[in-house]
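What follows is a single structure, written as structure tokens, with notes after it.
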Amino acid sequence: MSRIRPTRAVRLVAKREINARLRTRSFVVSTAVMLLLLLGYVALQAFLAGDRETTRVALAGQAQGIATQLENNDRHLKIVLVQSESDGLTQVRDGDVDALVSGSASRPRVIVKSTLDTQLRTVLDNIAQQQVLDAQLYSANLDPAAVHQAVSATHADVQALEPVDPQAGTKLVTGIVVAILLYISIMTYGMFVAQGVVEEKSSRVVEILLATVRPVQLLLGKVVGLGLVGLAQLAILAVAGLIAGGVSGVFSISSVALGTLGWGLVWYLLGFLLYAMLYGAAGALVSRQEDTQAVVGPVNIALVSGFVAGISLLTQAPHGTATRVVSLIPLLSPILMPARIALGAVEPWEVALSLVLTIALIAVVTWAGARVYRNGVLRVGSRVRLVDALRR
């Protein structure tokens with residue numbers, strides 16, 4: 001049987017993988033689950049970014065005189081005036097109000113059902129302390145208004161080296177979402193590559209396929225096909241995320257978000273090609289699906305390490321030296337670098353260097369992965385040692 005041209009061989013294998021995966025229930029279910037998780041995350045960020053829950057406060061007796069001060073100090077308080085302490089106590093027990101404040105302004109008494117809101121405690125402490133201070137100033141024949149005005153006019157002289165970024169929160173959310181999506185997609189479809197290789201090897205289908213295509217063409221076609229399926233899934237999630245983020249106000253569809261998506265696409269393609277070749281080569285070493293997890297374990301560790309390190313460093317020190325160094329490691333760059341780009345915490349030379357290093361590693365991994373796949377895919381039975389698979 002004659003062999004077909006390399007480009008046509010890769011295209012046919014890729015088309016076969018695309019048709020097979022897009023029609024599966026697992027693709028629909030996984031897309032739906034990831035979509036729900038993404039929308040849930042956006043909803044959570046919108047909730048956290050919104051106003052905190054309003055605290056309802058009942059005032060009785062002399063404490064009603066501090067109603068205006070409470071409202072001016074905390075806009076999240078809802079003031080309820082009650083005729084007596086007993087009425088306020090009943091409302092606290094019934095859950096109609098969160099706290100009952102009675103007594104004088106200088107010595108307020110607070111009754112709650114279980115715990116007192118921290119912000120409310122701070123406001124009441126400040127009011128009481130101000131009352132005591134005013135009394136001390138009057139006793140010293142000083143004007144409390146003039147003293148408070150002098151104190152309020154005194155501030156620390158703060159000089160910022162860089163202006164405040166109004167989109168810092170948006171960029172952080174976008175960066176984390178991009179890192180999560182890339183991690184999940186690369187691992188999921190990388191595992192599909194490994195499992196597909198093992199399935200074809202165990203069923204001896206690969207022997208028929210290799211009669212018309214070369215091993216490297218078969219592996220590359222599988223990688224390209226599954227990569228495009230993963231890209232389609234990412235496109236669905238990206239569009240849904242942009243719409244949800246714009247509607248909820250978590251972030252706007254701006255040049256920042258679109259630029260992040262563009263770089264996310266670039267790094268997905270590079271990251272998937274890098275890891276998929278590793279997953280495919282690992283799958284060629286075994287003949288049973290039960291052994292797949294064992295051979296892909298080191299690849300999973302590298303990917304998981306990059307994800308965990310990325311999320312930790314991005315949230316704690318996005319501009320730190322550790323984040324910069326780790327993001328330049330080729331195995332971790334596909335997860336970290338697009339997130340750093342979203343945060344605006346990366347220099348152009350860092351992006352260029354990480355691209356060069358990652359592409360160089362892809363070339364090495366492709367060469368080694370193709371050799372391992374070629375030497376191991378036709379060996380059925382016991383697990384093939386990596387050293388043997390690398391030999392000519």
Side-chain angles (χ1 to χ4, degrees), residues 39-160 164-170 172-173 176 245 247-251 315-316:
L39 296 179
Y41 180 79
V42 172
L44 176 62
Q45 293 299 321
F47 173 78
L48 294 177
D51 293 339
R52 65 181 175 88
E53 184 179 355
T54 300
T55 301
R56 296 159 298 177
V57 182
L59 302 180
Q62 298 181 39
Q64 294 183 354
I66 65 172
T68 302
Q69 290 175 279
L70 285 174
E71 291 177 336
N72 291 338
N73 280 276
D74 191 346
R75 61 188 178 88
H76 299 285
L77 295 180
K78 181 180 181 181
I79 305 302
V80 179
L81 303 180
V82 294
Q83 295 182 352
S84 64
E85 290 190 35
S86 60
D87 291 340
L89 191 60
T90 300
Q91 292 190 38
V92 172
R93 287 198 182 101
D94 294 341
D96 296 329
V97 296
D98 300 298
L100 167 65
V101 180
S102 60
S104 64
S106 59
R107 293 185 63 84
R109 296 190 303 273
V110 185
I111 298 176
V112 296
K113 193 170 186 179
S114 56
T115 59
L116 177 62
D117 178 72
T118 304
Q119 187 69 19
L120 176 59
R121 179 190 293 273
T122 301
V123 172
L124 289 172
D125 288 345
N126 290 338
I127 293 175
Q129 291 167 5
Q130 183 174 338
Q131 292 292 322
V132 173
L133 176 60
D134 289 349
Q136 295 290 330
L137 292 173
Y138 276 122
S139 66
N141 295 321
L142 296 175
D143 182 8
V147 174
H148 288 310
Q149 183 177 4
V151 171
S152 301
T154 304
H155 301 285
D157 185 12
V158 180
Q159 296 181 353
V164 177
D165 186 358
Q167 294 183 317
T170 298
L172 179 60
V173 172
I176 292 177
V247 172
S248 64
V250 174
F251 56 85
T315 54
Q316 296 180 14

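When all heavy atoms are compared, the tightest approach of V110 to A99 is CG1-CB, 4.1 Å. Of all non-hydrogen atoms in G103 and Q62, the two that sit nearest each other are O-CB, 3.5 Å. Among all heavy-atom pairs drawn from R93 and K113, the shortest one is O-NZ, 3.2 Å. Heavy-atom minimum distance, V112 versus V92: C-CG1, 3.9 Å.
Each of D96, D94, D98 was compared with R56 under the salt bridge (Lys or Arg N to Asp or Glu O under 4.0 Å) criterion, and only D98 meets it. Considering D87, V80, V82 in turn, V82 is the only one that fulfils the side-chain contact (heavy atoms from CB on, under 4.5 Å) rule with L100.
Within the model, atoms OG of S104 and CZ of R109 stand 8.0 Å from one another, a figure rounded to the nearest 0.5 Å. Rounding to the nearest 0.5 Å gives a distance of 5.0 Å between CD1 of I79 and CG of L59.
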